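Structure record follows, encoded as structure tokens.
Numbers restart at 1 for each chain; the letters A, B, ... are given by sequence-line order, proteins then strands. Atom set for the values below is all heavy atoms of this structure, side chains included, hydrogens, waters and symmetry mates excluded. It should be emphasised that the depicted structure is a prediction, and the values quoted were computed from it without experimental measurement.
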Number of protein chains: 4
Amino acid sequence: MTRFECDYTQGAHPRILQRLLETNMDQTSGYGTDEYCERARDLIRRECEADAADVHFLVGGTQTNTTVIAALLRPHQGVLSADTGHIAGHETGAIEAAGHKVLTLPHQDGKITAEQVRRAYEAHENDGAKEHTVQPGMVYISQSTENGTVYTLSELEALSEACRECGLPLFVDGARLGYALAAEGGDVTLADLARLTDVFYIGGTKLGALMGEAVVILNEALKRDFRYLIKQRGGLLAKGRLLGVQFETFFEDGLYFEISRHAVSLAMKLRRGLEELGFGFLHDSPTNQQFPILPDDLLEGLKAKHSFTIWEKVDATHTAVRFCTSWGTTETEVDGLLGDLAALRHAAAGLNGSAV
Amino acid sequence: MTRFECDYTQGAHPRILQRLLETNMDQTSGYGTDEYCERARDLIRRECEADAADVHFLVGGTQTNTTVIAALLRPHQGVLSADTGHIAGHETGAIEAAGHKVLTLPHQDGKITAEQVRRAYEAHENDGAKEHTVQPGMVYISQSTENGTVYTLSELEALSEACRECGLPLFVDGARLGYALAAEGGDVTLADLARLTDVFYIGGTKLGALMGEAVVILNEALKRDFRYLIKQRGGLLAKGRLLGVQFETFFEDGLYFEISRHAVSLAMKLRRGLEELGFGFLHDSPTNQQFPILPDDLLEGLKAKHSFTIWEKVDATHTAVRFCTSWGTTETEVDGLLGDLAALRHAAAGLNGSAV
Amino acid sequence: MTRFECDYTQGAHPRILQRLLETNMDQTSGYGTDEYCERARDLIRRECEADAADVHFLVGGTQTNTTVIAALLRPHQGVLSADTGHIAGHETGAIEAAGHKVLTLPHQDGKITAEQVRRAYEAHENDGAKEHTVQPGMVYISQSTENGTVYTLSELEALSEACRECGLPLFVDGARLGYALAAEGGDVTLADLARLTDVFYIGGTKLGALMGEAVVILNEALKRDFRYLIKQRGGLLAKGRLLGVQFETFFEDGLYFEISRHAVSLAMKLRRGLEELGFGFLHDSPTNQQFPILPDDLLEGLKAKHSFTIWEKVDATHTAVRFCTSWGTTETEVDGLLGDLAALRHAAAGLNGSAV
Amino acid sequence: MTRFECDYTQGAHPRILQRLLETNMDQTSGYGTDEYCERARDLIRRECEADAADVHFLVGGTQTNTTVIAALLRPHQGVLSADTGHIAGHETGAIEAAGHKVLTLPHQDGKITAEQVRRAYEAHENDGAKEHTVQPGMVYISQSTENGTVYTLSELEALSEACRECGLPLFVDGARLGYALAAEGGDVTLADLARLTDVFYIGGTKLGALMGEAVVILNEALKRDFRYLIKQRGGLLAKGRLLGVQFETFFEDGLYFEISRHAVSLAMKLRRGLEELGFGFLHDSPTNQQFPILPDDLLEGLKAKHSFTIWEKVDATHTAVRFCTSWGTTETEVDGLLGDLAALRHAAAGLNGSAV
């Protein structure tokens, strides 16, 4: 069985594991105060061209989203998000458990626009009974999005401008940030993110770390006391150096970008192969997640050899599924998947044909 | 510099790291649904002699305490704890952030008694205005405690009986459980814990895992939907198999107990050495944490060669400090610490003597 | 200026105020433990034909909704509600501040159906990643709804059956319950509510009390410790007897129903008058809230003599507004409103005509 | 039976009720936006000599404390309070339910000192692991305190100075503020409170209102969006004018002070009478709460004729109780209480004497 269901089916990129092995017996202080973390922070600040940024390491995405959002909002405020946003649907109400409403906006290809943000802000400000409603207090977007799409630089600049005009901090969930940086046609860099947002994170878990997300804080007010918030939300890893070692390895000579390009490149190969087989797509994704629409009668056969995620029923006889590539995916695996799909389709056609 | 400040100054026990390396390229499903986790669960159930127990893996202690306590309590309830309890003082108000008051009882050697629990319960029940106060809803203890002490089997049985009579679930924070199981004079086993508590956890982070805590749930009501709670609190690790692999390694042939015995044995050697040097102790600890009282004029010299934790000022010229041993501590390091202390004391005596 | 913007523009029904005056100097115990509250509870149980019901008095609607919902749900659960539900849009995120997501369903005339509840429940149960999403834990409806509509007995019976099958407690927000009981064509009684729901409340504030809502709890599990929850949420009024006196007055000889019939009767007169003037309606409401669609060029003139609520823009030249009647509304006031509307329309027609 | 158990055993002061009656049929806008509230705000600003203060009306004390504290603190902060503080012990964990720890300091006569605040602040700032602990974020005191005592002007000035130096907003719970203003020997005015604190409230419920507390906000940051917080916490009364009418009556010609002086004067009479009868006191209170220590053998007889609160057991044969006076207490009632106590003591003495 080859697994394509998500981008975290394997352990860590071998170079990361190797580095953990090499540094294992070093004795360091705890909770992210060690030299590995410090070097990783410096490397990240350099990549982001943001000397004044604060960088913190947390363990996972839900924890990071909750911590950042709880740190930014006052009790009566909510967070604007696409209705497809991870915080809106797939974190078991973590944001609400921290006391805040997720104020959803209808997505377009998994994204929201500057215009939507402005309208939401103005609708609230012009509401005669506004104190009876949740006040928009910040904006959350994902890059790449839950649909595999990416914000272009001009979209992000427009969003950033709208957020600043409305006084709404902009937070980018970068659980899959590497794949967005390497996206076919993508034009947003880490430095752009540092310039245009208040806070974002660089995902490690889904890009070849054992675990870990690096939060980059640009907003001065948010910097204050952020370590307390991490600790309170359970994200201050005792052996924090593990996160430092991994992010140091990611950024000391470009491994993060290399992993991202590898996965996106195989995803594009997969995409073209699927197109050649005549399959359509639910979302037009230039990143490592691909959402082809498959005839239902292929699914059973496919499951026997490959794992994938059922995304949604498209019509009576078709289903959109998700295939993910990652640092560990090989060209052979992609070829195998495409070959099996071709064979299954051929068999199905024959079967249907023979019924004539 | 040799580090004795805590039991998480190094990475993971080499056998654990080796096992992570061996399994790194295996493809598995995520979020703890993989076969490594399943085998680790079976091994833990076997050690606990508790076939019906639910076992879950979380990343760290604060997260685990918050998740368990939030899962057990209704909104108007609080958790009884020693005033020295980790949840009372060192988790940045994580329990309060989940909505619950920590109801502290004065500790004796870091412990609370069955009698204290009964009295607290009855005081509440007999309060004419009880609905104006927080209702005790559960009991939290640590084994070993924050002072390095351990509950004896008879103490734990008495506590368990009191809790059951009062209808209060009993939760044991086992961040350092291995050290308690290996304590000099300790007589509590994993099976005892499974028999006498509603839920406890087996600490990994402080016992040689990269990270990870294994929650063992005996209480039927608490079992229900516990994975939702883990996810909501940010504890459902995407690459959950990492936790499974580590706990499988801990329990497939006794490594967990071996690590614990090693650390406690070196702690006892350190303790006897300190006694021979004439130092007294703040707490009488049979586990891996030792709290000697040192003359203040030794501290600067000691800091140059060893790290340790300043615990509390004892009098005008003395300070209690904490030394921890762990899986990674060597006999040479303990000898080095004792040798340096002897030399520092000798030098100080000479200095003081020469003043005569 | 005559006020039609809501049903709480005046103080209390004179008989209620009179009764507060008569009992003012009586000395009673506090927090709802007095004899007035006890008698009011008995009267309510009698009206509900529910001897075993627990009855509690709280001060206002948001507080009551939050207290009931926080008492019913576990941390990972949310509350199913119409997207027009008061808790979804007009309580400043009070439910989220208590840790819970409001899971909205698209309304039909302000209502949700048994079928929607079943589908939401099943969609969750069949979700392979369900622990990553909020679990539906209860159902919230309003009677009458935010659109002025009412659930019929058969709709309520179907909802109740669906809730019981799915194990979801059913909670009815009765801030305007009296108006629903008196609705034109309404067929649901207090006894029906007690038979078909787990908990509901009988609104006082919007029906002629100074303030106050009476919560009727049928569900045994919810009864336990409910007073603690009221106190924690700030709803345990020190001079609780004030609430008891008001609800005693409401139910000792039918004042509650009399007030409701009075207001609905005037609302029906208003409705027919608006129809005769040729205005359409946004919602088809048989209760005390009426939502006519008015030409925008009438609004300024109308505002000079009557207050009302702007509800929503309907098209480029029309706006839906809300008029409410209450215990204090008089037939003269309704006639005055209709007369002014007729005159304004006439003037506008003339004005428009002269432009030709 | 005469009730002395608390200061809210009766309805409202007759002048307040009369004013509610007179204004009952006026039609006003809701939620505190009416002219009665506006006038009451102006009167309060005038009394406080604080033109720039924001004034809001809430319903009760627990709600007010929770709303103010939730508005002031960030998630990782707690509130410093005497261990006797109402928020620490008698609000069913409302502050914790809003996410914040109450950081208790040992009281002296129900009060805390500037020195205690400074030490708590510095202890936190100097803690090497401070982000693992709750950060003090504000200071809460009660005036008068739960023990009936009052802060003197010099004590309050010192506290205020310490708070400002430490950057900790100072909040005064004035549920019984009138009694403190009228205290024998008290020297703190409303203008002093406005000058020395960030926010305080003027209690109505315990001083002759039906219900209601007036929050006076001096701190600019806290003013922002405070109405949202009130609404979210369930404190925005629909018929807000009821609170405005009551506070207008309190302050238009000094009724608030008159009520306070009346109750304190009778409390002093009671105190001197108890002293003459030879009873000692648990607390030395110059306000309307008195805490005499009574022989246990008098309690049963006393209960038959008067209600009071059992405060605490003092020794094997004595109990401290609480008697409260209020606007409604009469001299006759105080004389009756003293007379009954004298008679009971006499009877007990005879009984005990006959045993000789």
Side-chain angles (χ1 to χ4, degrees), chain A residues 1-3 5-14 17-18 20-21 23-31 58-67 70 90-94 96-99 175 205-206 209-211 227-239 241-242 245 307 328, chain B residues 1-3 5-14 17-18 20-21 23-31 58-67 70 90-94 96-99 175 205-206 209-211 227-239 241-242 245 307 328:
Chain A
M1 166 110 83
T2 318
R3 290 193 169 270
E5 80 222 46
C6 65
D7 27 27
Y8 37 89
T9 64
Q10 294 174 298
H13 189 280
L17 211 50
Q18 180 57 31
L20 287 173
L21 206 62
T23 59
N24 190 54
M25 300 306 288
D26 289 2
Q27 294 182 337
T28 67
S29 60
Y31 301 113
L58 283 87
V59 176
T62 297
Q63 183 185 82
T64 304
N65 288 334
T66 311
T67 304
H90 282 90
E91 300 189 351
T92 321
E96 289 82 4
T205 305
K206 291 174 178 166
L210 288 177
M211 77 286 184
R227 277 174 61 84
Y228 287 85
L229 275 291
I230 302 176
K231 175 63 187 169
Q232 185 182 67
R233 297 283 159 194
L236 202 58
L237 198 66
K239 297 181 180 174
R241 44 87 79 66
L242 301 174
V245 167
S307 74
Chain B
M1 166 111 83
T2 320
R3 291 193 169 270
E5 79 221 48
C6 66
D7 26 27
Y8 38 88
T9 63
Q10 295 173 297
H13 188 279
L17 211 52
Q18 180 56 31
L20 286 173
L21 206 62
T23 59
N24 189 54
M25 300 306 288
D26 290 2
Q27 294 182 337
T28 68
S29 60
Y31 301 111
L58 284 87
V59 176
T62 296
Q63 184 185 82
T64 306
N65 287 334
T66 309
T67 305
H90 283 89
E91 301 188 350
T92 321
E96 288 82 4
T205 305
K206 292 175 178 166
L210 288 177
M211 76 288 183
R227 277 174 60 84
Y228 287 83
L229 275 290
I230 301 176
K231 175 64 187 167
Q232 186 183 65
R233 297 282 160 194
L236 203 58
L237 198 66
K239 298 181 180 174
R241 44 84 81 67
L242 300 175
V245 167
S307 74

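Of the residues considered (A70(A), G30(A), A12(A), G61(A)), A12(A) shows the highest number of contacts with chain B, using heavy-atom pairs under 4.5 Å. Here N24(B) is the residue among N24(B), T62(B), T23(B) with the most heavy-atom pairs under 4.5 Å with chain A. With respect to chain A, the highest number of heavy-atom pairs below 4.5 Å among M25(B), M211(B), E91(B) belongs to M25(B). For chain A, the option among G99(B), G60(B), G93(B) with the highest count of heavy-atom pairs below 4.5 Å is G93(B). Ranked by heavy-atom pairs shorter than 4.5 Å toward chain A, the options E96(B), Q232(B), H90(B) are led by Q232(B). When each of Q10(A), Q63(A), M1(A) is scored by its heavy-atom pairs under 4.5 Å with chain B, the top score falls to Q10(A). Comparing N65(B), T64(B), L242(B) by how many heavy-atom pairs each has under 4.5 Å with chain A, the most go to L242(B).
Under the 3.5 Å distance criterion, the side-chain polar atoms of K231(B) are left unmatched by any main-chain donor or acceptor of L236(B).
Checking R241(B) against T28(B) by side-chain atom types alone, a donor-acceptor pair falls below 3.5 Å.
At a 4.5 Å heavy-atom cutoff, the contact between L237(A) and chain B is made by side-chain atoms alone. For A175(B), no part sits under 4.5 Å from any heavy atom of chain A, backbone or side chain. Neither the backbone nor the side chain of S307(A) comes within contact range of chain B, judged by heavy atoms closer than 4.5 Å. Interface remark: E5(A) contributes side-chain atoms only to the contact with chain B (heavy atom separation under 4.5 Å). The parts of L210(B) that come within reach of chain A are both its backbone and its side chain, each placing non-hydrogen atoms under 4.5 angstrom from that chain.
In plain terms, the two heavy atoms of T92(B) and Y228(A) that are nearest each other are CG2-O, 3.5 Å.
For the atom pair R233(A) CZ and R233(B) CZ, the distance stands at 7.0 Å (nearest 0.5 Å). Rounding to the nearest 0.5 angstrom, the gap separating the CD atom in Q27(A) from the OG1 atom in T9(B) is 4.5 Å.
Counting heavy atoms from C-beta on, the side chains of C6(A) and K206(A) never come closer than 4.5 Å.
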